[in-house]
Amino acid sequence: MSLQLYNSLEGKKQEFIPLEEGKVGMYVCGVTVYDYCHVGHARVMIVFDVMYRWLKQSGYDVNYIRNFTDVDDKIIARAAERNIDIQVLTNEMIAEFHKDMDALGCLRPSLEPRATTHMPAMITMIESLIKHGNAYVSDSGDVLYAVRSFEGYGKLSGKNIDDLESGSRVDVDESKRDTLDFVLWKKAKAGEPSWDSPWGEGRPGWHIECSAMSCEHLGHTFDIHGGGMDLKFPHHENEIAQACASNDGQFARYWLHNGFVNINAEKMSKSLGNFFSIREVLKKYHPEVLRMFILGTHYRSPLDFSDSALDVAKAGLDRLYETKRRLKKIGINELIPAFITNDVFEKAMNDDFNTPEALAKVFSLNKEINKRMDAGLDVFDDDLLIKFSTMLGLLAIVKVDADGWFQGVDSDLVSAIENLIVERAVAKKSRDFARADAIRDALAVQGIVLEDSATGTTWKRG
RNA sequence: GGCAGGGUGGCCAAGUGGUAAGGCAGAGGUCUGCAAAAUCUCCAUCGCGAGUUCGAUUCUCGCCCCUGCCUCCA
């Protein structure tokens with residue numbers, strides 16, 4: 001089955017046919033680097049990371065571009081607050097962003113362009129827009145995009161200009177020809193970072209950054225453009241207006257939008273203040289738990305964030321790690337992916353990246369492997385293990401050592417526990433079950449759970 | 001007001017024109033000194049109403065409810 005993608009531009013699933021056979025150009029809107037990222041950001045990064053992995057697995061040579069917005073109002077304000085140069089701030093936040101992404105197991109994109117190093121591309125695009133009559137210099141000195149000059153405006157978001165205006169919450173700006181016109185180039189105010197341009201010192205508007213950077217690195221027409229649902233309008237709509245009007249081309253062919261992370265059925269966002277930063281969550285939960293939590297729901301659906309939801313994700317992951325641990329006990333220490341999946345998993349992934357369905361197949365395989373172990377059968381049959389590990393690898397979960405997963409790394413505690421297990425084994429051998437149970441109970445109070453088996457006793461944190 | 005996306009078992013969440021994956025929780029069995037883990041079995045008629053159809057949770061229409069976008073936002 002070929003890859004089907006839900007294309008926001010058409011509002012339906014379509015077969016994915018790349019522009020150039022065997023190659024995929026994919027652009028994903030990254031973050032504005034002025035603060036730590038929250039779980040909402042984690043979702044985009046993880047969801048597109050899995051898409052990236054699957055496209056590569058499917059044999060495509062993927063050029064994956066994800067930008068950094070490293071100049072904007074919030075960055076300037078935050079830098080001023082901290083009394084540092086914006087570049088100090090953005091460099092710091094990019095480093096922190098990378099820490100989060102590495103922790104979450106997200107592969108680095110092919111390229112992570114920064115807005116501030118792409119001024120010529122943006123200026124060229126703005127010049128072209130002015131030349132084509134799509135942009136104008138306003139009385140205030142800003143360069144604005146004339147929304148009504150672009151015929152297809154609103155196609156992506158399914159809106160039309162008149163509807164937008166009637167419900168518009170935009171402040172009326174006298175220098176705009178139309179209230180929906182947006183800034184391409186912002187005239188510099190005193191003390192703000194600025195770049196030289198044909199319209200004087202200033203800085204780019206947010207939307208032009210992504211149009212210019214995506215075209216610069218992927219060409220005017222490319223395959224996939226992704227990002228959060230909230231960027232659909234106006235950001236992506238504006239990107240299309242800019243790129244198409246300046247080049248008469250098609251721009252991105254497939255638009256993919258992921259759903260939000262909610263808290264109590266309400267969108268997690270900076271402005272509502274109901275957000276959890278990634279690092280905050282990682283203090284309590286292993287990064288794979290967050291990954292499991294996110295992949296347990298289809299990428300386009302809303303996802304409700306809570307501790308109990310993370311607990312459920314962890315319980316599922318525990319189940320997979322129990323299997324990995326059993327395998328380790330019979331001498332299979334490493335799960336080596338060999339890029340063989342099974343048909344149902346492949347079908348799920350090809351169906352618009354249906355990771356919950358794919359995960360269901362992982363659990364089915366998990367059960368199958370355990371059944372074979374219970375029956376004393378060969379787990380290598382039918383490439384069972386290879387499929388299992390490939391699937392886990394593609395989702396980038398169950399990557400750490402199984403004992404480490406359950407036991408942690410405090411070596412003093414580990415040896416203390418292991419001494420008690422030896423003592424208990426002696427007690428059990430002499431049928432002193434009272435003593436054996438006392439040891440088990442004492443450990444249980446500390447949250448340590450013992451598990452006996454024919455081959456000995458193991459333990460984990462409960 | 002306009003537009004978009006939803007309402008599936010106790011919770012989460014897939015899916016399909018012919019009577020519903022998977023996970024968590026729960027009940028019972030096997031295993032175990034007893035547990036735990038694993039495994040087996042059990043546990044839903046898919047928001048409401050109408051229509052199309054031999055047959056709808058899945059298509060159409062109406063209604064109710066929820067969320068998002070329309071300002072910066074992943």
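The chains referred to below are lettered A, B, ... by the order of the sequence lines, with proteins before strands, and numbering in each begins at 1.
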Q: In whole Å, measure the gap between the C1' atoms of B/C64 and B/G55 for me.
A: 27 Å
Q: Which one is paired to B/A44, where only Watson-Crick or G-U wobble pairs with both distances under 3.5 angstrom count?
A: none
Q: Strictly distance-based, threshold 3.5 Å: is any side-chain N or O of A/R291 a donor or acceptor partner for the main-chain N or O of A/I46?
A: no
Q: With a sphere of 6.0 Å drawn around OH of A/Y285, does it hold more than 12 non-hydrogen atoms of other residues, nucleotides or ligands?
A: yes
Q: If you measure from the C1' atom in B/C12 to the same atom in B/G18, how many Å do you get, rounded?
A: 28 Å
Q: Just the rounded figure in Å: distance from C1' of B/A74 to CE of A/M101.
A: 10 Å
Q: Scan A/E451 against the nucleic acid and name what it touches under 4.0 Å (heavy atoms): base, sugar-phosphate only, or nothing.
A: base
Q: Measuring only the P atom in each nucleotide, how far is B/G6 from B/U60? A whole number of Å is fine.
A: 12 Å
Q: Rounded to the nearest angstrom, tell me the gap between atom CG in A/D181 and atom P in B/U71.
A: 13 Å
Q: Look at all strands and tell whether A/F233 reaches a base, only sugar-phosphate, or nothing, counting heavy atoms closer than 4.0 Å.
A: sugar-phosphate
Q: Can you see whether A/F406 has A/R461 sitting over its ring - NZ or CZ less than 6.0 Å from the centre and within 45° of the normal?
A: no
Q: How long is the line joining CZ of A/F363 and P of B/C12, in whole Å?
A: 18 Å
Q: Please pick, from B/A13, B/U39, B/C24, the nucleotide with the shortest atom-to-atom distance to any side-chain atom of A/A315.
A: B/C24
Q: Return the value, rounded to whole Å, for the distance between atom OH of A/Y321 and atom P of B/G23.
A: 18 Å
Q: Can you tell me if A/K267 touches the phosphate of B/C69, counting only side-chain N or O atoms and a distance under 4.0 Å to OP1 or OP2?
A: yes
Q: Calculate the interatomic distance between A/D230 atom CG and B/G5 atom C1'; express it in whole Å.
A: 14 Å
Q: Using the P atom on both, measure B/G23 against B/C40 and round to a whole Å.
A: 10 Å
Q: Of the nucleotides B/A14, B/C70, B/A37, which has the atom closest to the A/K159 side chain?
A: B/C70
Q: Record whether the side chain of A/R325 comes under 3.5 Å of the base of B/A37 through a donor-acceptor pair of N or O atoms.
A: no
Q: If you measure from the C1' atom in B/U19 to the same atom in B/C70, how many Å do you get, rounded?
A: 42 Å
Q: For A/K367, which contact category applies under a 4.0 Å heavy-atom criterion: base, sugar-phosphate, or nothing?
A: sugar-phosphate
Q: Which of the following nucleotides, B/U39, B/A74, B/G15, is nearest to the side chain of A/F260?
A: B/A74
Q: Provide the Watson-Crick or G-U wobble partner of B/U16, both distances under 3.5 Å; none if there is no partner.
A: none
Q: Using the C1' atom on both, measure B/C48 against B/G10 and round to a whole Å.
A: 23 Å
Q: Could you tell me how far apart A/Y299 (OH) and B/G6 (P) are, to the nearest whole angstrom?
A: 12 Å
Q: In whole angstrom, what separates A/Y27's OH from B/A74's P?
A: 13 Å
Q: Using a 4.0 Å heavy-atom cut-off, does A/V28 contact any base of the nucleic acid, only the sugar-phosphate backbone, or nothing at all?
A: nothing
Q: To the side chain of A/E322, which of B/A13, B/A74, B/A37 is closest?
A: B/A37
Q: Can you confirm whether A/D343 is buried at CG, in the sense that more than 12 heavy atoms of other residues, nucleotides or ligands lie under 6.0 Å from that atom?
A: no
Q: Does B/G9 pair with anything, Watson-Crick or G-U wobble, both distances under 3.5 Å, and if so, with which nucleotide?
A: none
Q: Return the value, rounded to whole Å, for the distance between atom NE2 of A/H207 and atom C1' of B/C70.
A: 13 Å
Q: Surrounding CG of A/D381 (heavy atoms of other residues, nucleotides or ligands, distance under 6.0 Å), is the total greater than 12?
A: yes
Q: Pick the closest RNA chain B nucleotide for A/F433 and for A/E266 by heavy atoms, then say which residue is nearer the 5' end.
A: A/F433
Q: Return the nearest nucleotide to the side chain of A/V312; candidates are B/G15, B/A74, B/C24.
A: B/C24
Q: Distance check, P atoms only: B/C43 and B/A21, in whole angstrom units.
A: 11 Å
Q: The side chain of A/K371 lies closest to which of these nucleotides: B/G5, B/C40, B/C24?
A: B/C40
Q: Check the phosphate of B/G2 against A/N160, side-chain N and O only, distance under 4.0 Å to OP1 or OP2. Yes or no?
A: no
Q: Nearest to the side chain of A/N370, which nucleotide is it out of B/A21, B/G5, B/A38?
A: B/A38
Q: B/C72 pairs with which nucleotide, Watson-Crick or G-U wobble, both distances below 3.5 Å?
A: none
Q: Taking only N and O in the side chain of A/R319, is any of them less than 4.0 Å away from OP1 or OP2 of B/U39?
A: yes
Q: Tell me whether the side-chain N or O atoms of A/D437 pair up with the base of B/G33 as donor and acceptor below 3.5 Å, since no angle test is needed here.
A: yes
Q: Sticking with atom C1', work out how far B/G22 lies from B/A14, rounded to a whole angstrom.
A: 7 Å
Q: Counting just side-chain N and O atoms, does A/S301 come under 4.0 Å of either OP1 or OP2 of B/U67?
A: no
Q: Side chain of A/V31 only, heavy atoms from C-beta on: which candidate in B/A74, B/A4, B/A14 is closest?
A: B/A74
Q: Closest to the A/D452 side chain: B/A74, B/A38, B/A35?
A: B/A35
Q: Relative to the 5' end of RNA chain B, which residue comes earlier, A/K74 or A/L272, by the nucleotide with the nearest heavy atom?
A: A/L272
Q: Does A/S110 form a side-chain hydrogen bond (donor to acceptor under 3.5 Å, both in side chains) with A/R66? I'd like the steps, not just the answer.
A: CA-CA 8 Å; A/S110 319; A/R66 186 179 63 204; over 6 Å; no
Q: Ignoring hydrogens and geometry, is there a side-chain-to-backbone donor-acceptor pair from A/E288 to A/V398 under 3.5 Å?
A: yes
Q: Any side-chain to backbone donor/acceptor pair from A/D72 onto A/K74? Under 3.5 Å, distance only.
A: yes
Q: Of the nucleotides B/A38, B/C34, B/G15, which one has an atom closest to the side chain of A/D374?
A: B/A38
Q: What is the pairing partner of B/G51, taking Watson-Crick or G-U wobble pairs with both distances under 3.5 Å in any strand?
A: B/C59
Q: Could you let me know what B/U32 is paired to, Watson-Crick or G-U wobble, both distances under 3.5 Å, or none if it's on its own?
A: none
Q: Decide whether a cation-pi geometry holds between A/K270 and A/Y34; the criteria are a distance under 6.0 Å from NZ or CZ to the six-membered ring centre and an angle within 45° of the ring axis.
A: yes
Q: Write down the partner of B/U67 under the Watson-Crick or G-U wobble criteria, each distance required to be under 3.5 Å.
A: B/A4
Q: Applying a 4.0 Å non-hydrogen cut-off, can you work out what A/N258 is touching in the nucleic acid: base, sugar-phosphate, or nothing?
A: base
